[in-house]
Structures are given as C-alpha cells and as structure tokens.
Q: 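Quick one: this structure, given as structure tokens, is what I'll be asking you about.
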Amino acid sequence: MIIKPIIAGNWKMHKSNDESISFVGKIQKRILDDELTEIIFCPPFTSLFSIVGTLDNSSFSVGAQNVHCDSHGAFTGEISVNMLDSIGVKYVIIGHSERRHIFDESDHFINEKIIAVNSSNLIPIFCIGETLEQRESGLTDKIIKEQIELGMAKLDSIDPKKFIVAYEPVWAIGTGKTASVLQVEDAHLKIKTNLRILFGSKGEEIPVLYGGSVNENNAESLLKVDGVNGFLIGGASLKVDSFCKIIDIVKNFER
Ligand code: 13P
C-alpha cells in the first residue's frame, strides 16, 4: 500500500493570529494545489479558526497541538474534541514530548485522549520517542514499545487513514541534532513491527512521521529511509522558505 506523505508543522507557542494568517497566505501562494501530499499547520489555539477560514488549497489542513479527553466540564484551560471538530480542525497532536516532560502528561492520560480522538472525526498525531538518557542506556526499543502499547491501549480497531504516529527522539527536538539515517530506520522498523503486532496489517499501514531538527538540508536523506512517511517539523515550519523547500522535497520525491 502506498502511504500518502504527510508534512506537519508544529508551531508550538509561536505566531499571533495576524502572523499566522500572513504566513499561511505566503505558503499557499508558493505551493501548488495537488492531492499528492498532506500538509498540516498546527498553530496555537488562537489561530486555528482563522487559518481554517483562509485555506483554499486542498493539500492543506489544520491541526491543534493538544486536546482534553472529556467532552465538556470543569476543566479550566482545556479544549474538547468537539470544539476543535466544530471549527474545521482535522488533526490533533497528542503525547508530544513537551507535554510529557514539561506538563507531566502520563501514558495513561495520553491514552484517554487517543481513545476520545479515535472515536471522533479528528485524526491523532500520536508522538513517541526516547530521551537521550534512555537511548544511552539501551532502552530505546523498550520505550517505543511501551509508549505505543500504553498510548494505544484499549483501541480495538484502527483505521490507518485516521491515525498518524510521529517518532520524535527527545534529544533531537530543537537541538539541531538530527537522528542518523540508521537510528531513524531502526526506530521506524520497530514502530511498524509493534503496530503490526497490535493491529495486524492495518497497523503497518499507519503513517509514521519523523520529527526532530528536520530542515531543508536533511529532509531528502531522511525521506529515503524505509518506513518514514513524512515529517513533524518544529523550527523549520515557522519559516516560509524552509517549510516550502521541505514541501517541495517531499512532493518531488520518487518512491
Ligand atoms: P524541531 O523541528 O524544532 O526540532 O521540533 C520538532 C518537534 O518537536 C515537532 O513536534
């Protein structure tokens, strides 16, 4: 099965509403509309609604950076799946290492969010990845397996068109230290194997993105790696030139 490549830009806590609209406008002027790639903007909550309103290119979609597992209630500062869905948001990042490490989100809490999103119209971008300490202690495979098993627990079925996994080694995020081709290949192979064990052939068809210091200079070699179905990009997704160059690399890549 050919998996459509995905390029998701995680803006984290960057760009005001006006800056977001202007940024997306510039990207839309440079990138031709086609069905070959899925390009996802994940801005802060305050820009979601206005960006959805400016999209006129069917390759583009909007994703949120977080969601709560409950449908409503006394959860100050949180936002629900339906709230995002109702304004045209299509994706949501779950389990990002910054949520895990800075905001102490547990595998159990992440799993509750995944369950809520999996039974909605939204598509989760489920992030996993080891810390440097875990890698240096030889624990990478164990951590990947655990995060997948715990984060995706209690999902009886999976639709590979409605689920995305992103492998983001924590030590490669925002550090300029990209994982080597061999490290990425090995991790993606393990991820696909774990997904196959849990969900059979459908598990293998789930797109797996790489994230961690992706830029226009390393995108092509990372894309050549077996099992890499696209990217989740932080810093380089904030710059028009870099983001467009990465999109072009993915669009022109011959599989
Ligand atoms: P960088 O591309 O800035 O390393 O960030 C990666 C990331 O965290 C995307 O979610």
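Counting convention: from 1, in listed order, for ligands and their atoms alike. This chain uses plain numbering: 1 for the first residue, then up along the sequence. Keep in mind that the numbers below use all heavy atoms, side chains included, and drop hydrogens, waters and symmetry copies.
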Q: Give me the atom names and distance for the closest heavy-atom approach of L238 to F23.
A: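 For L238 versus F23, the nearest heavy atoms are O-CE1, 3.2 Å.
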Q: Could you go step by step and tell me if E133 and W171 meet the side chain to side chain donor-acceptor pair (under 3.5 Å) rule?
A: CA-CA 9 Å; E133 200 184 355; W171 49 273; over 6 Å; no
Q: Select all protein residues for which some heavy-atom-to-ligand 1 distance is less than 4.0 Å, and list them by chain and number.
A: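 Correct list: N10, K12, H96, E168, A172, I173, G174, G212, S213, L232, I233, G234, G235.
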Q: Run the salt-bridge test on K90 and E38 with the 4.0 Å N-O cut-off and return the result as yes or no.
A: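 Yes, K90 and E38 are salt-bridged.
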Q: Between N17 and T46, is a side chain to side chain donor-acceptor pair (under 3.5 Å) present by the stated rule, with each step listed?
A: CA-CA 6 Å; N17 188 43; T46 44; over 6 Å; no
Q: Run the numbers on T140 and Q183 for side chain to side chain contact (heavy atoms under 4.5 Å, CB included), then give the verdict.
A: CA-CA 10 Å; T140 302; Q183 287 169 327; over 6 Å; no
Q: Anything under 30° is parallel, anything over 60° is perpendicular, the rest tilted; go ahead and classify F41 against W11.
A: perpendicular
